[in-house]
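Single-structure report; data block below.
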Amino acid sequence: MAARLPGSCMKHRSIGLLLLVLAVLLPGVAVSAQQQDAFAAQVAALAGGFAQQAEAVERLGASGDPRALPILRALSEGRLRKLPDGIVLEPGAEAPSEAEAIRINNRVRQALRGALGRLSIVSPDPAERLAAAEAVFRSRSAENVPLLETALAREGVPRIRAQMELALAASRLVATDESVKRAAIARLGGSGSTDARALLLEARAANPSLLLEIEAATAAIDRQLAIRRTGETLFQGLSLGSVLLLAALGLAVTFGVMGVINMAHGEFVMLGAYTTFVVQEACRGVPWLLPWSLPLSIPAAFLVAALAGAALERGLIRHLYGRPLETLLMTFGVGMILQQAVRIAFGAQNREVLSPAWMQGTITLPWIGVPVTQNRLWIIVFGLLVFALVVAAIRFTRFGLEMRAVVQNRRIAATMGIRTGRVDALTFAFGSGIAGMAGVALSQIDNVSPNLGTGYIIDSFMVVVFGGVGSLAGTLVGAFTLGVVNKVLEPWAGAVLAKVAVLVALMLFIQRRPRGLFALKGRAAEA
Amino acid sequence: MLSTTSLTRRGALLAGFGAALGLPAIRPASGQGAPIKVGVLHSLSGTMAISETALRDTVLMMVECINGRGGLLGRRVEAVVVDPASNWPLFAEKARELLQVHKVDATFGCWTSVSRKSVLPVFEELNGMLFYPVQYEGEEESKNIFYTGAAPNQQAIPAVEYLMSGDGGEAKRIALLGTDYVYPRTTNRILRGFLNSKGIANADIMEEYTPFGHSDWQGIVARVKRFAGEGKKTAIVSTINGDANVPFYRELGNQGIKAEDIPCVAFSVGEEELAGIDTRPLVGHLAAWNYFMSIPGAPNAEFKALWQAYIKNPKRVTNDPMEATYTGFRMWTQAVAKAGTTAVDAVRSAMIGQKLMAPCGFEEEMLRNHHLSKPVFIGEIQADGQFNIVWKTPNAVPAENWSPFIPENANRRRG
């Protein structure tokens, strides 16, 4: 498919304007006319086609010219502009209206990463140096060796030193001297990094004489990776488990404790997620509040879902106690009404809930070296906190005591002066409110769309039934067991089959133990 | 669940846009003659509502627009909207209702291939006319359907070729990720054949499927990362459909997969889908389409202005299937005008060879195989949720609905 790239027609024009500004900006840098010409030519080429851009970026990175750093940084952030006739404007300057941002593609981005790494490896900021060392590691070339050696000699921070050593080893892999290469291979083998493994495998073809060393080094990495992979799978299972736990906890109260089959449970989760969105939009007006919109939406989501739950219980469900089939059909209908109502109010499109900075990206757990995504880590923590809250509310509060009394024996509870109707409403509102809080967490990993809840309703019932109806501890153990089993099976069977296998296993389990993992014993169980 | 919508209220407003579109000026629709009925068969609830509601609005916009210009053949056009609710068998029932109860002259509808497969026998039995506006896997040709989206050679194959080219990063290993239904499976079968023909062994191809609405991508993304750690440049080809894309991209961002290292090209992710995601960590990932909202030029500017005026929201985005719906509708009106009737057989023969300057900036033509010739664009996701076009074909490419990379098609006629 022969095709021309858009914008590949390039115009060679002088960039006198830019150089003038630069000369003013950097009076201390004395540059010969020849150097200046070469620099100017490379900068001019940044307005050209993608291939020319990549080449110019590489040259600028190799030049080590400090003037290139702000220009390349602006280019990578989409701030570098050019005039329609191809003149590159100095970054940050007042741009005329006809100026347009210079666009780049992945190839240029890759070149930029290496060039920026080379230019900023001597930066005074340690975070920048670390990022630079990582970038140089990825764009290894023999030319980087002297640069890395000088940087390494000056470096004091052990973490950055380690990364620089790795980068140096990677660059030496393409060196000529056999013994230097051998040392580099050994260094990469000790790193335990997937990227190093990829580099070593890539180097196989070019170094037939060093095949044995390379094999040994990759085997060493593989051993480390195998341990880490087990940790990763476990974390993924716990993460899925915490999502299941959050989705099922509310149901464990309304279905497990009260015995109401609430098919609209998922919609309460969805209401919680939309509340998160509304709170976020409300916070937009107050910039310092925006990072805190997520924590703020937790009580808000609880209240909204609890109110909806109380209205549902008082308005409809209480007329249907003891008639599970009618309750099921009616709540299913309510769920559809809620979905369509939200669709009319907010539209069918997904709503964007931003993740705060502390929930983005990956961190490496310090003691086992397993990389975990931060949003999932926080959701595990949140799930356990909510669980503790529910247990505490039921065990230690007056409301919890009344609730247990009503569940165990409604008539005696009523004769003791407990207003059972009010307790029913509060219990249902409490369960629904927990579902709302789950919605806050799910807004971070799933779509905030009107269908959010439907994906979780089956899983929630599955967890509650598996754990044992009426047992909160069962819900906890059930959720994490199902999560981990699912994730262990997934690499073997694929996502679709793993889910099927878990369902089949669950059916067999329920045949053997109809009351689930933690069966209630005694009078309450027979009631 | 059925509502019959007749739109006239904003007709006057849109008349001006009709003039801009160059539609022939006809006297205002008088009440003479029964109205021409157009069926709209898109899910307005359920999982596909996110994508399909915009297409219903596009058809309604076109109906309003043409009524503002005085209707078609001097008759008013009336839209009949039904909601098949993302339920595949219900699609067939609703199609039958449109054809037998409402006696519609043409239908615009369907998104997923499974819904199209469900209505196809109904349209053939009752001799209806369906305009299908979404890119799909090919391997189909019905005299009752006009396919205004892309065939595999107009989207999937050029995208993978781009990934393997110098500008795309010279990928040597490909991970094919998709939702588990007919479109991703067939497309990936074609792509596997294509990759094998380019010398990529099966060991360098990874294929994974997930259910509709899958939200837990940690394991799969981690496996792709490991797959990429074998010392060859790796790329992801995604046929993930619908809602599942949002958690997928979120996981890519969180696990730190940068487009420079493992680029991901998607076939079902457009401006509308990106509207629900924070796109900053995704800059540089790709999508292949036959239209992007960011395409320059007058035809696209008109299309965007028409849409944003109709929907009364200057920030609403346009996307490829909307453009295909728009193109299909305008070609149908041209064919009806040429045939002088709305009778299905006459309009069908008038459709072949219809040409239109589409919003994508190229002239598209309806070919004998009921597919369009279309240009192919590859765009990189930008921080604002729009696409930066990094590659395009020089001309419109004719559709090959029977892929040469599927062995059973060896004896079929092409083109």
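Below, chain A is the first sequence line, B the second, and so on; all start at residue 1.
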_Under a 3.5 Å cutoff, is there a donor and acceptor pairing between the side chains of A/Ser239 and B/Gln218?_
yes
*Can you name the side-chain hydrogen bond (donor to acceptor under 3.5 Å, both in side chains) partners of B/Tyr209, sequence neighbours left out?*
B/Asn188, B/Glu207
*Residues two or more places apart in sequence or in another chain: which of them pass side-chain hydrogen bond (donor to acceptor under 3.5 Å, both in side chains) with A/Asp222?*
A/Arg197
Report which part of [X] has an atom under 4.5 Å of a heavy atom belonging to chain B: side chain, backbone, both, or neither.
{"X": "A/Glu232", "result": "side chain"}
{"X": "A/Asp195", "result": "neither"}
{"X": "A/Arg109", "result": "both"}
{"X": "A/Arg204", "result": "neither"}
{"X": "A/Ser355", "result": "side chain"}
{"X": "A/Gln444", "result": "both"}
{"X": "A/Ile445", "result": "backbone"}
{"X": "A/Ile104", "result": "backbone"}
{"X": "A/Met336", "result": "neither"}
{"X": "A/Glu490", "result": "both"}
{"X": "A/Tyr456", "result": "side chain"}

Give, for atom [atom1] of [X] and atom [atom2] of [Y], the distance between the pair rounded to the nearest 0.5 Å.
{"X": "A/Asn451", "Y": "B/Ser86", "atom1": "CG", "atom2": "OG", "value": "7.5 Å"}
{"X": "A/Arg343", "Y": "B/Leu44", "atom1": "CZ", "atom2": "CG", "value": "8.5 Å"}
{"X": "B/Lys232", "Y": "A/Glu202", "atom1": "NZ", "atom2": "CD", "value": "10.5 Å"}
{"X": "A/Gln339", "Y": "B/Ser45", "atom1": "CD", "atom2": "OG", "value": "8.5 Å"}
{"X": "A/Gln360", "Y": "B/Asn254", "atom1": "CD", "atom2": "CG", "value": "7.0 Å"}
{"X": "B/Leu286", "Y": "A/Asn106", "atom1": "CG", "atom2": "CG", "value": "5.5 Å"}

Heavy-atom pairs under 4.5 Å with chain A - which of [options] has more of them than the others?
{"options": "B/Ala383, B/Pro211, B/Ala259", "answer": "B/Ala259"}
{"options": "B/Asn388, B/Thr53, B/Asn395", "answer": "B/Asn388"}
{"options": "B/Glu251, B/Arg223, B/Gln382, B/Glu52", "answer": "B/Arg223"}

*Would you indicate whether B/Lys258, at its atom NZ, is surrounded by more than 12 heavy atoms from other residues, nucleotides or ligands within a distance under 6.0 Å?*
no
*Might you confirm whether atom CD1 of A/Ile363 has over 12 heavy atoms from other residues, nucleotides or ligands at distances under 6.0 Å?*
yes
Is any side-chain heavy atom of [X] less than 4.5 Å from a side-chain heavy atom of [Y]?
{"X": "A/Thr373", "Y": "B/Gln255", "result": "yes"}
{"X": "B/Glu208", "Y": "A/Val496", "result": "no"}
{"X": "B/Asp261", "Y": "A/Gln110", "result": "no"}
{"X": "B/Asp167", "Y": "A/Asn105", "result": "yes"}

*Steps toward side chain to side chain contact (heavy atoms under 4.5 Å, CB included) verdict (A/Arg229, B/Arg226)*: CA-CA 10 Å; A/Arg229 197 166 305 165; B/Arg226 275 204 290 282; 3.0 Å; yes
*asked:* Under a 4.5 Å cutoff for heavy-atom pairs, which residue among A/Arg376, A/Arg138, A/Met359, A/Arg113 has the most contacts with chain B?
replied: A/Arg376
*asked:* Below 4.5 Å, heavy-atom pairs only: which of A/Asn375, A/Leu199, A/Thr194 has the largest tally toward chain B?
replied: A/Asn375
_Residues A/Arg107, B/Glu170: salt bridge by 4.0 Å N-O rule_ = no
*Is any side-chain N of the basic residue among B/Asp216 and A/Lys499 closer than 4.0 Å to the acidic one's carboxylate O?*
no
*How close do B/His214 and A/Ala495 get, heavy atom to heavy atom, and via which atoms?*
CE1-CB, 3.9 Å
*Relative to chain A, which segment of B/Lys233 carries a heavy atom at a distance below 4.5 Å: side chain, backbone, both, or neither?*
side chain
